[in-house]
Structure formats: structure tokens, C-alpha cells
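Positions are given from 1 along the sequence. Note: hydrogens, waters and symmetry copies are ignored here, and every other heavy atom, side chains too, is used.
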Amino acid sequence: MKKFLIIGVLALALAGCGDAYAKITNAKDSIVSIGNKSVTRGQLFELMMNQDPASSVITMAKQVIMDEKIEITDAIRAKAAESLVEIKESFGEEFADYIKRFGYKDEAEYIEKALIPFAQQEALVKEYIIENFESLATTYFPRKVRVIQIKTEEDAKAAINEVKDGGNFETVAAKYSSATTYKGELKLVHSESGYPAVITTFLKTALQPTLTAEPLKDTTTNLFYVVQVVESQPTRYKEEAIEELVGLSSIAEKMFVELFKEGGFKVYDKIIFDILTSDYSQYLP
């Protein structure tokens, strides 16, 4: 873990103590030339310092952590290749323009600089979830549930009674709901699945399989919900829960904050330090 601290500092040639400031070596060296115009290392450094240098430092340090902990194996490259196929299918003929808009010169660079790091992060987050499953399951409370969205309280109560009498949940949903979502199918959800707050609150307190005794009303939309918790103990479907949680940015953020603090992350440039203190203080030990 200490390795990333050294690399993070050397990446910007930071040095000194007290109110030190980053300096770039060989500032006049040209990076790229077009005709008689050229961009120097110093100009690029100045541009980076004027944009969001603290964010750049955080990004670089995260990558060093991932390189330290997650080797780029055939499995990682295969995962990146899977992501590439999905993105190409999503953007179709616009794929080339899409990656160029984000500054990648071609597909190969996009894979190396975007998709492989993403695959590394996903692998690292998965390891983190496995190691901290009990506490994360308490925080995000993954549940296997069925949900019906219904317009009136009367219909919602009728739906509950039919389910209690042994009615098939999806059949009941088809009878009482015209919603395009919440059709009663079994889903594995968690606190960040985007459900209305009234459902999320109910799921958090559901520690055993249960059916809502009364319709849950969303006061924002005035819609009603019938919720059946089918499984409430994440250890019974641990692998599924892990796969569902691994994509959450909040877990990735929590993980990196802990790793930065564990490694004693330090920044010696005052400008960057001041920005970190203001906007990214969670990363500072």
C-alpha cells in the first residue's frame, strides 16, 4: 500500500515541506507539434493545474492502488472485452465518435485506459464486498422481493387479500396494475435500487419473509404498493447479492476512502492540498 503514495507524489514531481508547490521537470520539452505550433510539458501541466488538479491526483492514486492490488490477467482482459461488446452494441455506428469525444484516439487505447481500469476496479470492489459482506449487507440490505404498483388503495387491499388467499403474485399484479414496472416478478434489490422511499424503509425493517399487511402509499405520487419479501437473509443468496452490489459507486467510493487512509495518503503541493481539503477531504487521513 505504501507504493501508491510514492508514485502519487512522483507523478507530479511534488517536493519540499511547508507551503510547497508542484514543479514540472523539463517544462519546455514539446509533447506534440502541429505545423509550427507545439504544446510543451509546462503548458500541459499549467492546464491540468487550472482544471481540477486534485481530481487528477485522486484518479492517478486510485489507478496505482488498483495496479498494486489487481493484476491485469487474462480474466481482467476478458471482462474488458465483454464490456466493449456491450458498449459497441449500445452505441452502434456512433461508437468511434463516442470514444473520441472522451479523448481516446482509438479502440485499443479505450480498452487499455478505460475498460481495463474499470474491470480492475470491479474486481477490487468485489474483493472488498466479500471481505466486508456482513456490514455491507446491513447497510444496503439486499432482499429478494416482489412488488406491485397500484393506483387505488381499494385495489391494493384487494390484491393483498388475493395473495394471502394463495393467488399467484404475478397474476394478481396483471389484474390490478397497469404499470410498466413493478409487475410482481421476483427481483433482488437493495437500498439503492431506486425504489420509492416507502418501499425502501419497509425492506430495511423486513428481517424475515413477509407481505405488507396494508398497502404502502407513496405520498409523492399517491400510488400504492404491495410488497412481498421472499428472502431476507443475504447469506442465503450471497453470490447473487455480491453481483448486485459490485456495481454501486457508493461502495467503490467507501472502499477507496478506506484504502487512501490505510495507506496514509499525502499531498505536498499546497494548491492541490487546499482543493482536496475543500472538495475531497474524505481521502485525507
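For the pair Leu276/Phe265, a side-chain contact is recorded, criterion being any heavy-atom separation below 4.5 Å from C-beta on. Residues Lys151 and Asn222 have side chains not in contact (no heavy-atom distance under 4.5 Å, counting atoms from C-beta outward). In this structure, Lys113 and Tyr104 have side chains that are in contact, with non-hydrogen atoms separated by less than 4.5 Å. Inter-residue side-chain proximity for Phe273 and Leu284 is flagged as met; some heavy-atom pair is nearer than 4.5 Å. At least one side-chain heavy atom of Gln228 sits less than 4.5 Å from a side-chain heavy atom of Phe169. Side-chain atoms of Gln233 and Gln208, non-hydrogen and from C-beta on, never get closer than 4.5 Å to each other. Counting only heavy atoms from C-beta outward, the side chains of Val227 and Thr210 never approach each other to under 4.5 Å. Ser250 has its side chain within reach of Glu192: a pair of non-hydrogen atoms, C-beta onward, lies under 4.5 Å apart.
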Quiz item: Could you walk me through whether Glu153 and Lys217 pass the side chain to side chain contact (heavy atoms under 4.5 Å, CB included) check?
Solution: CA-CA 8 Å; Glu153 185 175 16; Lys217 182 179 181 180; over 6 Å; no

Practice problem: Please step through salt bridge (Lys or Arg N to Asp or Glu O under 4.0 Å) for the pair Lys126 and Glu122, ending with a clear verdict. | Solution: CA-CA 6 Å; Lys126 187 171 184 177; Glu122 191 175 74; over 6 Å; no

Self-check item: Check against side chain to side chain donor-acceptor pair (under 3.5 Å), Gln63 and Gln120
Solution: CA-CA 9 Å; Gln63 186 59 55; Gln120 285 179 287; 3.0 Å; yes

Quiz prompt | CA sep, side-chain torsions, deciding dist, call: Thr212, Val229, side chain to side chain contact (heavy atoms under 4.5 Å, CB included) | solution = CA-CA 9 Å; Thr212 45; Val229 177; over 6 Å; no

Practice problem: Please lay out, stage by stage, how Leu186 and Lys144 fare under the test side chain to side chain contact (heavy atoms under 4.5 Å, CB included). | Solution: CA-CA 7 Å; Leu186 183 64; Lys144 284 191 173 184; 4.1 Å; yes

Exercise. Check the pair Glu112, Arg77 against salt bridge (Lys or Arg N to Asp or Glu O under 4.0 Å), reporting the backbone distance first and the verdict last.
Key: CA-CA 9 Å; Glu112 292 296 323; Arg77 291 193 176 277; 2.8 Å; yes

Practice problem: Mind running side chain to side chain contact (heavy atoms under 4.5 Å, CB included) on Glu89 and Val85 for me, showing each step along the way? | Solution: CA-CA 6 Å; Glu89 289 178 352; Val85 171; 3.7 Å; yes

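Around atom CZ of Phe133, more than 12 heavy atoms belonging to other residues, nucleotides or ligands sit under 6.0 Å away. For Glu243, the CD atom counts as densely surrounded, since its 6.0 Å shell holds more than 12 non-hydrogen atoms of other residues, nucleotides or ligands. Atom CG of Asp165 has more than 12 neighbouring heavy atoms from other residues, nucleotides or ligands inside a 6.0 Å radius. The number of heavy-atom neighbours closer than 6.0 Å to CD of Glu154, taken from other residues, nucleotides and ligands shown, is 12 or below.
The pair Asp274-Lys270 meets the salt-bridge criterion, since a charged nitrogen lies less than 4.0 angstrom from a carboxylate oxygen. Look at Glu185 and Lys187 and you find a salt bridge, because one of the NZ, NE, NH1 or NH2 atoms lies within 4.0 Å of a carboxylate O, short of that distance. Classification of Lys157 and Glu162 as a salt-bridged pair fails, no side-chain N sitting under 4.0 Å from a carboxylate O.
Considering all non-hydrogen atoms of both residues, Ala80 and Ala119 come closest at N-CB, 4.3 Å. Listed here is the closest heavy atom pair of Phe260 and Ala61: CZ-CB, 3.6 Å. Between Ile76 and Ala123, the shortest heavy-atom distance links the atoms CD1-CB, 4.0 Å. Minimum interatomic distance between Ala54 and Ile272 (heavy atoms only, all atoms of both residues): CA-CG2, 4.0 Å. Residues Val230 and Pro209 approach most closely at O-CG, 3.6 Å, considering heavy atoms. Closest heavy-atom contact between Ala137 and Pro142: O-CD, 3.6 Å.
A continuous path of ILVMFWY side-chain contacts below 4.5 Å connects Ile130 to Tyr128, so both sit in one hydrophobic cluster. The hydrophobic clustering, which links ILVMFWY residues whose side-chain heavy atoms are closer than 4.5 Å, places Ile199 and Phe224 apart. Ile160 and Phe202 fall into different hydrophobic clusters, defined by Ile, Leu, Val, Met, Phe, Trp and Tyr side-chain heavy atoms under 4.5 Å apart, directly or through other members. Hydrophobic clustering, with ILVMFWY side chains joined whenever heavy atoms are under 4.5 angstrom apart, keeps Tyr225 apart from Leu211. Linking ILVMFWY side-chain heavy atoms closer than 4.5 Å, directly or via other members, places Ile251 and Phe118 in two distinct hydrophobic clusters.
Exactly one of Glu94, Glu107, Glu93 qualifies for a side-chain hydrogen bond (donor to acceptor under 3.5 Å, both in side chains) with Lys88. That residue is Glu107.
Of the N and O atoms on the side chains of Glu253 and Gln282, at least one donor lies less than 3.5 Å from an acceptor on the other residue.
Atom CG in Leu245 sits 12.0 Å away from atom CG in Asn132 (nearest 0.5 Å). A distance of 9.5 Å separates NZ of Lys69 from CE of Met255, quoted to the nearest 0.5 Å. Separating the CD atom in Gln149 from the OG1 atom in Thr221 is a distance of 6.5 Å, to the nearest 0.5 Å. To the nearest 0.5 Å, the span separating CD1 on Ile150 from OH on Tyr176 amounts to 8.0 Å. If you take CD on Glu239 and CD1 on Ile242, they are separated by 4.5 Å, rounding to the nearest 0.5 Å. Note that CD1 of Ile111 and CD1 of Ile99 are 8.5 Å apart. Values are rounded to the nearest 0.5 Å.
Tyr140 places no side-chain N or O within donor-acceptor distance of the main-chain N or O of Val189, the cut-off being under 3.5 Å. At least one donor-acceptor pair closer than 3.5 Å links the side chain of Arg143 to the backbone N or O of Ala206. Side chain of Ser278 to backbone of Ile275: no donor-acceptor contact under 3.5 angstrom is found. Between the side chain of Ser193 and the main chain of Tyr195, no donor-acceptor pair closer than 3.5 Å is present. Put simply, the side chain of Thr139 gets close to the backbone of Ser135: a donor and an acceptor are under 3.5 Å apart. Checking side-chain atoms of Asp106 against main-chain N and O of Glu109 turns up a donor-acceptor pair under 3.5 Å. For the pair Ser90 (side chain) and Glu86 (backbone), a donor-acceptor distance under 3.5 Å is absent. Remark: side-chain polar atoms of Thr152 are paired, donor with acceptor, to backbone N or O of Asp155 under 3.5 angstrom.
Aromatic ring orientation, Tyr283 versus Tyr280: tilted (interplanar angle from 30° to 60°). Aromatic ring pairs are classed by plane angle as parallel below 30°, tilted from 30° to 60° and perpendicular above 60°; the pair Tyr110 and Phe95 is perpendicular.
For Lys62 and Phe256, the positive end sits near the middle of the six-membered ring, less than 6.0 Å away and at most 45° from its axis.
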